[in-house]
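Below, chain A is the first sequence line, B the second, and so on; all start at residue 1. From a predicted model like this one, the values you see are computed outputs, not experimental measurements.
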There are 2 protein chains.
Amino acid sequence: MARWEPNAQERLLHAAVDLFVEQGYDATTVNEIADRAGLTKTTFFRHFRDKREVLFAGQDLHTGLLNDAVAAVPASATPLEAVGAALDALTAFWADDRREFSAKLRPVIAGHTELQERAALKRAKLTDALTGALHQRGVPEPTAGLAAELGIRAFYQAFDQWVAPANGQSLTALTRDTFSTLRAALTTLT
Amino acid sequence: MARWEPNAQERLLHAAVDLFVEQGYDATTVNEIADRAGLTKTTFFRHFRDKREVLFAGQDLHTGLLNDAVAAVPASATPLEAVGAALDALTAFWADDRREFSAKLRPVIAGHTELQERAALKRAKLTDALTGALHQRGVPEPTAGLAAELGIRAFYQAFDQWVAPANGQSLTALTRDTFSTLRAALTTLT
DNA sequence: GGAGTGATGTGACTTGGTAACATCACCATA
DNA sequence: TATGGTGATGTTACCAAGTCACATCACTCC
């Protein structure tokens, strides 16, 4: 596979995150990342579309999870029940061993507009994917869009809590709680 | 003011949009834009943070509109009524003479991920601003966030219709319609 | 053991973006 | 009218992101 060691993409990922944490995002060049991973700049760009993407890779996978989960829900389920099932499938992906990693990334992203931009688009794409999956079930607009946005909002709010230090609950549990809180809060909208 | 002609920023803006439409976004260099405006690359970057920003300038102004409008609403108004007032203030900014301009920009943005990213963050910032304005009124979470997101969603959906060709209604009217449709659809969420 | 294949390396290039310093127009004031 | 200050602009040089064409290596399969 690799010219030398295997797992080039993973090596690049860890080299990048380490350097970002050590010396900051824009003080780190792609050449440095590649060097630390024992590779070259060109190879970096073969694995990641750009310097930002190294922090957001694996998105297609998440949209796939949402799609599959929604498709697997019985037809009798309501839209929000389908969204709940999708969130369960999505959050199952972040086991607790990824929490520390996510926590390290948070301040890096928070400090750079270009990274927040990418994060914002990723969130929008997740919402779109979930909306599309609901359409497949026959849920019409604007219900599908609202249900999807509510679910994704629950996910992100829960994720914020999950990466905070000293949080015992799993991401799945936190997301379920947040989702039901948001559903309940819908009645307060007047 | 300007070394030669006045309105440097506006000249840069129009030069950029013209060139983007003529030959595409990434086939257009910042040097070209500056040349057409009778300026230099350095001056371009004095007026716009980067090449993308030329298509999104004036955002602070929009968040300001939201803040002012929400602050001006009587304390007796409900959260969604306050959001409605904010949308009226926001949409008043796009008179019909800006419609053609916005319509030209749409395909450019749609065709470039980096521009969609910026647009996505701008939308998130608008939502944040509206949420914060509601907090100022004493609206608690998660109600404020949900109300703001509902309003911004209405705005963007209406904007999409507004820029479509042959649409007689004003952006304000379209947004009001969309907003009330979304409010009504909340009851379909189960 | 040779051919094919996929991942990597090399080197050159374009362009976005920054920084230091010089220059020009304009305005106030003496 | 001269003088000096102020903002906006120009010049030049530079760095780093990202692309491309082409070479090279490891591995596998006949």
Check whether any side-chain N or O of Arg49(A) sits under 4.0 Å from OP1 or OP2 of dT19(D), and answer yes or no.
no

Is Leu126(A) close to Gln59(A) at the side-chain level, that is, under 4.5 Å between some pair of heavy atoms?
yes

Separation of atom CZ in Phe45(A) from atom C1' in dT8(C), rounded to whole Å:
15 Å

Would a line drawn from the ring center of Tyr156(B) to the ring center of Trp162(B) be shorter than 6.0 Å?
no

Over 60° means perpendicular and under 30° means parallel, so classify the ring planes of Trp94(A) and Phe155(A), tilted if in between.
tilted

Within the structure, does a side-chain N or O atom of Arg52(B) lie under 4.0 Å from either OP1 or OP2 of dG17(C)?
yes

His62(B) and Phe93(B) aromatic ring geometry - parallel, tilted or perpendicular at 30°/60° bounds
perpendicular

Measure distances between side-chain N and O atoms of Arg46(B) and base N and O atoms of dG7(D), and say whether any donor-acceptor pair falls under 3.5 Å.
no

Report the residue (Val30(A) or Thr42(A)) whose heavy-atom-nearest nucleotide on DNA chain D is the more 5′ of the two.
Val30(A)

Checking only heavy atoms, does the side chain of Lys51(B) share a donor-acceptor pair with the base of dG17(C) at less than 3.5 Å?
no

Angle between the end axes of the helix from dG1(C)-dC30(D) to dA30(C)-dT1(D), five pairs per end, to the nearest 10 degrees?
0°

Measuring from atom OG1 of Thr28(B) to atom CG of Asp26(B), what distance do you get when rounded to the nearest 0.5 angstrom?
8.0 Å

Other members of the hydrophobic cluster containing Val54(B), with the 4.5 Å side-chain heavy-atom rule, please.
Leu12(B), Leu13(B), Val17(B), Leu19(B), Phe20(B), Val21(B), Tyr25(B), Val30(B), Ile33(B), Leu39(B), Phe44(B), Phe45(B), Phe48(B), Leu55(B), Phe56(B), Phe101(B), Leu105(B), Val108(B), Ile109(B), Leu115(B)

Rounded to whole angstrom units, what separation is found between the NE2 atom of His112(A) and the C1' atom of dA17(D)?
15 Å

If I take atom CD in residue Glu32(B) and atom P in nucleotide dG16(C), what distance separates them, rounded to the nearest angstrom?
9 Å

Please report the distance, rounded to the nearest Å, between CG in Leu39(B) and P in dA25(C).
15 Å

Whole angstroms only, please: what is the CZ-P distance between Phe44(B) and dA8(D)?
17 Å

Here the distance between atom P of dG16(C) and atom CZ of Arg118(B), to the nearest Å, is 14 Å

Check the distance between dA17(D)'s P and Leu12(A)'s CG and give it to me in whole angstrom.
14 Å

Distance check needed: dA17(D) P versus Phe48(A) CZ, whole Å only.
15 Å

Whether Lys122(B) and Glu53(B) form a salt bridge (side-chain N of Lys/Arg under 4.0 Å from carboxylate O of Asp/Glu) is what I want to check.
yes

Counting just side-chain N and O atoms, does Thr43(B) come under 4.0 Å of either OP1 or OP2 of dG10(D)?
yes

Would you tell me if any nitrogen or oxygen in the side chain of His47(B) comes within less than 4.0 Å of OP1 or OP2 on dA8(D)?
no

